[in-house]
Amino acid sequence: MGDRRVTIDWPTLTRTLRPENSPGFLLWQVTNQWQRRMRATLEPLGLTHVQFVLLAGLAWLEHKEGAVSQARLAQFCKTDAMMTSQVVRTLEKAGLIIRSSSEQDARAKALKVTEAGAERLNQAMPAMLEADAAFFRPLQGGTAEAVAIFRSLLSGQGR
């Protein structure tokens, strides 16, 4: 067993794992660094990044559309429905949101940000904006181009 030689396709492996050759691998590395920054920013506020995203998304939708279902929140934030449900329960237990039966659909849950949720969101938003700006500072003002690229990638995923 120890004498068996494994054959690796080195040119393909090199194209796959070298950041300068693989946008996906480079994006993965950047994403990991960005997520570490977001975790460090939100941890003192008692929030995870996904909790922040869902809380902020709920506040936005509530302001723009009124009553918000869990399904609508997941769609808006582009999160998995099951994971959204779990995180929403956690936010509810923390007193940051309220879940109740929807008046429009008995199967759906209507969500609302509580006063405590609004306070936490108001604390988190400036910290997140600062952390985001610091992380993307090396783009030297080119964040609009990065946002356009990310939007293009997101919109192309439906094809």
Side-chain angles (χ1 to χ4, degrees), residues 17 19 22-159:
L17 291 181
S22 171
F25 186 55
L26 188 55
L27 178 62
W28 179 75
Q29 291 179 324
V30 169
T31 299
N32 283 331
Q33 286 183 345
W34 181 81
Q35 286 176 338
R36 278 192 291 278
R37 172 81 55 107
M38 296 303 107
R39 257 191 314 276
T41 300
L42 290 168
E43 190 174 29
L45 298 170
L47 289 172
T48 66
H49 188 250
V50 72
Q51 288 170 343
F52 171 79
V53 167
L54 291 173
L55 187 60
L58 176 57
W60 177 265
L61 286 172
E62 230 184 319
H63 176 71
K64 294 292 186 180
E65 300 177 7
V68 180
S69 70
Q70 232 171 250
R72 174 67 179 120
L73 179 61
Q75 175 198 33
F76 179 75
C77 293
K78 295 185 178 10
T79 52
D80 175 76
M82 189 65 89
M83 185 266 302
T84 299
S85 177
Q86 293 169 346
V87 174
V88 161
R89 273 189 239 123
T90 301
L91 291 170
E92 182 183 34
K93 285 178 188 167
L96 303 179
I97 68 167
I98 296 169
R99 281 185 335 152
S100 59
S101 295
S102 170
E103 294 175 10
Q104 290 84 7
D105 182 351
R107 298 166 298 167
K109 294 290 184 190
L111 310 174
K112 288 192 177 296
V113 175
T114 64
E115 191 59 41
E119 287 176 21
R120 186 80 56 90
L121 186 57
N122 286 334
Q123 291 172 338
M125 287 186 298
M128 290 297 284
L129 287 171
E130 187 177 311
D132 222 31
F135 184 84
F136 289 105
R137 194 165 288 125
L139 295 179
Q140 300 173 351
T143 56
E145 184 180 349
V147 167
I149 290 167
F150 295 151
R151 284 185 176 154
S152 176
L153 288 170
L154 281 172
S155 68
Q157 294 307 306
R159 296 178 193 154

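Between the CG atom in D80 and the CD atom in Q86 there is a gap of 8.5 Å [rounded to 0.5 Å]. Here the CD1-CD distance, from I97 to Q51, works out to 10.0 Å after rounding to the nearest 0.5 Å. Rounding to the nearest 0.5 angstrom, the gap separating the CG atom in L61 from the CG atom in L73 is 6.5 Å. Summarising the geometry, atom CD belonging to E130 is positioned 15.0 Å from atom CZ belonging to F135; distances are rounded to the nearest 0.5 Å. If you take CG on L58 and CZ on R72, they are separated by 11.5 Å, rounding to the nearest 0.5 Å.
The main-chain N or O of L45 is never found under 3.5 Å from a side-chain atom of Q123 such that the two would form a donor-acceptor pair. Looking at R99, its side chain never comes within 3.5 Å of a backbone N or O of R89 through a donor-acceptor pair. A donor-acceptor pair under 3.5 Å links the side-chain atoms of T31 to the main chain of L27, judged by distance alone.
Annotation for Q35: atom CD counts as buried by contact number, over 12 foreign heavy atoms lying within 6.0 Å. Around CD of E65, the count of heavy atoms belonging to other residues, nucleotides or ligands within 6.0 Å exceeds 12.
Of all the heavy atoms in L47 and L96, the pair that sits closest is CD2-CD1, 3.9 Å. In this structure, F136 and T143 approach most closely via the heavy-atom pair CB-CG2, 3.9 Å. Between A74 and T84, the shortest heavy-atom distance links the atoms CB-OG1, 3.5 Å. Nearest heavy-atom pair, G95 versus T114, reported as atom, atom and distance to 0.1 Å: O-OG1, 2.6 Å. Nearest heavy atoms, A131 versus T41: CB-OG1, 3.3 Å. Counting all heavy atoms, side chain and backbone alike, L55 lies closest to G117 at CD2-O, 3.7 Å.
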For M38 and M128, what are the C-alpha separation, side-chain angles and deciding distance, and is it a side chain to side chain contact (heavy atoms under 4.5 Å, CB included)?
-> CA-CA 7 Å; M38 296 303 107; M128 290 297 284; 3.2 Å; yes
Give the C-alpha distance, both sets of side-chain angles, the deciding distance and a yes or no for side chain to side chain contact (heavy atoms under 4.5 Å, CB included) between R37 and Q33.
-> CA-CA 6 Å; R37 172 81 55 107; Q33 286 183 345; over 6 Å; no
Would you check, one step at a time, whether the test side chain to side chain contact (heavy atoms under 4.5 Å, CB included) holds for L111 with V88?
-> CA-CA 9 Å; L111 310 174; V88 161; 3.8 Å; yes
Step by step, would you call V53 with F76 a side chain to side chain contact (heavy atoms under 4.5 Å, CB included)?
-> CA-CA 10 Å; V53 167; F76 179 75; over 6 Å; no
